[in-house]
Amino acid sequence: MITIDKFNFAGKKAFVRVDFNVPLDDKFNITDDTRIRAAMPTLKKILADGGSPIIASHLGRPKGVDPEFSLKHILAHVSKLLGVDVQFANDCVGKEAGAKAAALQPGEALLLENLRYHAEEEGKPRGLAKDAPEDVVAAAKKEMKAKQKDFAKELASYANVYVNDAFGTAHRAHASTAIIADSFDADHKMFGYLMQKEIDAVEKIMKDPARPFTAIIGGAKVSSKIDIIENLLGKVDNLIIGGGMAFTFEKANGGKIGNSLCEDDKLDVAKEIMAKAKEKGVKLVIASDAKVGDSFSNDAKSQFCNANAIPDGYMGLDIGPKGEKEFTDVIMASKTILWNGPVGVFEFDNFSQGSKVIAKAIADSTKNGAFSLVGGGDSVACVNKFGYADKVSYVSTGGGALLEFIEGKVLPGIKAIRGY
Ligand code: AMP
């Protein structure tokens, strides 16, 4: 497999799949350009070599051509960050895109319109009636798969080389994230810098972590984290469980949890996880106290209590001071740390203290030499909110992709390039 830093793009056209799915306000201004900035090293390297990037992305979830989701909204900003006037093709396929790609000169860049204007990108038929007969659905799916291949081939035809730098969509087998790679031989397809960094960071912790290895899994629901926890139980030394999901564990242990979030159909799963942890010698850490409120709101009347003795009418919305110390002690003694999911309702200032303390502990432990990876939606929002993003080793840009990678799944976007 070739790597981007060894490849000379001089005179080459590179189809670069990026993840420019950025949030826009109601005037179509970009409210957070992190994802665009994250792809800049790859795009700049191609330009600096004397190559021409043909940049492709999705934006939002359009169901067809929809100006609201046009990549034109971000064109000026991409040009500014890249330092060249990026050209634009009003459709990602068709005559105009083909002609503009063909005419592209070394040092020039082209941005294609939203890939998801076409159902072929995701490969799912659109507009089927909900009650369509099974055979009609099956035929539509088959037809779409064939069209998806042609769509991927047309995208591939613009370029000599394929670069995937869209880690955020690596868990999807879409035309531009996976199928397109079939049109390039092993010497002409590669990961971009961002994608490579994401893969390296996850594989560093999952394959050969310095020990002790601690995972902090928080968030709302056990159900969304079961696969991750299962995979982590075979790898970590300590598993900290926080957030709303901790109360399902408390209840499974016979605790009184008041109105706290609980998935009653997952009590057995929680018991199994606790038994498996014991069997594998993993230390399972759940906060012994909680900050509880009498409603799900920042202004709720609050108090501290033991996490297994929550008064009626109250719900656990954060860990308490004992939990903060218990979690901090484990984190400070760790050499590898993975954080996914806040340990409380960090969006409410009055219940954000626990998550803030965890973010700080991870930053302090990192300063002492630990490798820390923070990823998956809300924990990234946490380190950003509390100002620790540059004090941890790596902040992942991937949500679902990161979670599936940690679950141990093979991601189609990665497999398409390196074969596994
Ligand atoms: P997830 O997307 O599963 O990682 O969940 C993140 C969400 O979990 C955040 O919006 C938090 O506010 C929420 N959360 C964390 N702790 C609690 C809790 N004790 N009760 C309810 N929601 C929580």
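Note that ligands are numbered from 1 as they come in the structure, with each ligand's atoms numbered from 1 the same way.
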Does a side-chain N-to-carboxylate-O contact under 4.0 Å join Lys256 and Asp312?
yes
How close does the nearest protein non-hydrogen atom get to [atom], and which residue and atom is it?
atom: atom 15 (C) of ligand 1; answer: Gly344 O, 3.1 Å
atom: atom 17 (C) of ligand 1; answer: Gly244 N, 3.2 Å
atom: atom 19 (N) of ligand 1; answer: Gly316 O, 2.9 Å
atom: atom 5 (O) of ligand 1; answer: Ala220 N, 3.1 Å
atom: atom 4 (O) of ligand 1; answer: Lys225 NZ, 3.0 Å
atom: atom 12 (O) of ligand 1; answer: Glu347 OE1, 2.6 Å

Hey, are Asp91 and His118 close enough side-chain-wise for a donor-acceptor pair under 3.5 Å?
yes
Could you tell me if Ser372 and Thr366 have a donor-acceptor pair between their side chains, going purely by distance under 3.5 Å?
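A donor-acceptor contact under 3.5 Å links the two side chains.
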Step by step, work out the side-chain hydrogen bond (donor to acceptor under 3.5 Å, both in side chains) result for Glu347 and Ser352.
CA-CA 7 Å; Glu347 298 94 331; Ser352 65; over 6 Å; no
Best match, Asn259, Leu403, Asp378, Val345: closest heavy atom to atom 6 (C) of ligand 1
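Selected option, by shortest heavy-atom distance: Asp378.
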Atoms of ligand 1 under 4.0 Å from any heavy atom of Leu317, numbered from 1 in the order shown, are 19 (N)
Between CG on residue Leu232 and NZ on residue Lys280, distance to nearest 0.5 Å:
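Reported to 0.5 Å precision, the distance equals 11.5 Å.
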For this output row, return yes or no: ring centroids of Phe7 and Phe9 closer than 6.0 angstrom.
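Ring-ring flag for Phe7/Phe9: true, centres closer than 6.0 Å.
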